[in-house]
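Below, each value reflects all heavy atoms present in this structure, side chains not excepted, and no hydrogens, waters or symmetry copies.
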Amino acid sequence: PETKDFLISFIKKAQSKDFRIWLIPEVMFPEPDLNQKFFRGGPGPIPKEIIENTDFMQNLDLAVLEWAEIAQELGIEIFSPLNEADNKLGLEKRVKWLEEIKPKIDEAYTVKICLKGEWNTSAFNNSYSCFAPTIGTPENEEEKNRLAITINNWAEDAKNRNLEWIICE
């Protein structure tokens, strides 16, 4: 409750200064598997045995829906169900979970619902308002060129599907 109250007050303060807000719940596992390869600069995947725990997934749903309601009450412009669900839950579990949680979020939040870290739009039948693929910082010229091509492909795909997309990282 203390953290939630602080975050709400922080959001209200930012809004009073004309900041637009994108609220993205984050899940971090406190004891990461050191043998797991992490994405640069971000928290790693949640262990499979934790994800398979029904209590964990129910609690995740409850937390996401609580923050969706808060986002609606505060007039937040964009809400994401989870930061990088593909990374946190694994590719297979995230598709099922994102399909199941979306109608529940729709009941609580009526503005823009964006997937962050996702780009497999076909898996979601365009039910989300926008997509925000996570982009790592290129370390050399080859990576820069590859990233430019990828961004152009994403832009074309988004245009063809009439989806908004945001580069956020």
Side-chain angles (χ1 to χ4, degrees), residues 1-4 6-8 10-11 21-72 74 76-109 111-139 143 147 150-151 154 157-158 161 163-169:
E2 201 173 292
T3 301
K4 181 173 81 172
F6 167 77
L7 289 172
I8 290 170
F10 189 79
I11 289 167
I21 307 296
W22 178 1
L23 183 59
I24 308 171
E26 174 68 278
V27 173
M28 296 176 83
F29 188 67
E31 297 175 19
D33 178 356
L34 298 179
N35 295 320
Q36 185 68 265
K37 182 178 180 182
F38 291 90
F39 292 109
R40 269 186 279 173
I46 299 166
K48 188 174 181 176
E49 62 272 11
I50 301 294
I51 293 171
E52 291 173 353
N53 180 322
T54 305
D55 290 341
F56 171 81
M57 293 307 295
Q58 287 174 347
N59 288 332
L60 177 61
D61 286 2
L62 290 173
V64 166
L65 296 175
E66 178 181 15
W67 282 104
E69 289 172 3
I70 291 168
Q72 182 70 31
L74 296 177
I76 289 175
E77 291 85 350
I78 305 173
F79 179 77
S80 294
L82 182 63
N83 184 37
E84 300 176 359
D86 52 338
N87 180 21
K88 302 297 185 312
L89 303 176
L91 296 177
E92 186 178 314
K93 182 70 173 176
R94 60 98 184 194
V95 171
K96 184 175 188 274
W97 181 75
L98 288 169
E99 288 175 349
E100 291 172 353
I101 198 71
K102 175 64 168 56
K104 297 173 186 176
I105 295 171
D106 285 338
E107 291 177 19
Y109 180 76
V111 189
K112 188 180 295 184
I113 305 171
C114 191
L115 292 180
K116 182 178 177 297
E118 306 288 339
W119 190 251
N120 184 3
T121 56
S122 61
F124 309 108
N125 300 318
N126 299 341
S127 63
Y128 285 84
S129 307
C130 70
F131 295 84
T134 301
I135 298 173
T137 304
E139 295 184 359
E143 287 184 7
L147 179 58
T150 300
I151 289 171
W154 285 336
D157 190 29
R161 296 170 187 264
L163 296 171
E164 180 177 355
W165 69 293
I166 300 168
I167 295 179
C168 58
E169 288 184 43

Is any side-chain heavy atom of L163 less than 4.5 Å from a side-chain heavy atom of D157?
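No, side chains not in contact.
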Gap separating the [atom1] atom of [X] from the [atom2] atom of [Y], nearest 0.5 angstrom:
| X | Y | atom1 | atom2 | answer |
| --- | --- | --- | --- | --- |
| M57 | D61 | CE | CG | 6.0 Å |
| L23 | L74 | CG | CG | 8.5 Å |
| L65 | I105 | CG | CD1 | 6.5 Å |
| I76 | K112 | CD1 | NZ | 14.0 Å |
| I50 | L60 | CD1 | CG | 12.5 Å |
| L98 | D86 | CG | CG | 8.5 Å |

Do you know the tightest heavy-atom contact between [X] and [Y]?
| X | Y | answer |
| --- | --- | --- |
| L89 | W97 | CD1-CE3, 3.7 Å |
| V111 | E77 | CG1-O, 3.2 Å |
| E143 | T137 | OE1-O, 4.1 Å |
| I51 | F56 | CA-CD2, 4.1 Å |
| L82 | I24 | C-CG2, 4.0 Å |

Consider side-chain contact (heavy atoms from CB on, under 4.5 Å). Of P81, P133, C130, S80, which one does L115 pass it with?
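That would be P81; it is the only one of P81, P133, C130, S80 passing the side-chain contact (heavy atoms from CB on, under 4.5 Å) with L115.
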Which of parallel (below 30°), tilted (30 to 60°) and perpendicular (above 60°) describes F79 and Y109?
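F79 and Y109: tilted rings.
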Answer yes when K104 and E100 have at least one side-chain N-carboxylate O distance shorter than 4.0 Å, and no when they do not.
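No, K104 and E100 are not salt-bridged.
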Using a strict threshold of under 4.0 Å (side-chain N to carboxylate O), is an ion pair present between E84 and R94?
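Salt bridge absent between R94 and E84.
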Side chain to side chain contact (heavy atoms under 4.5 Å, CB included) between K88 and E26, intermediate numbers included:
CA-CA 9 Å; K88 302 297 185 312; E26 174 68 278; 2.9 Å; yes
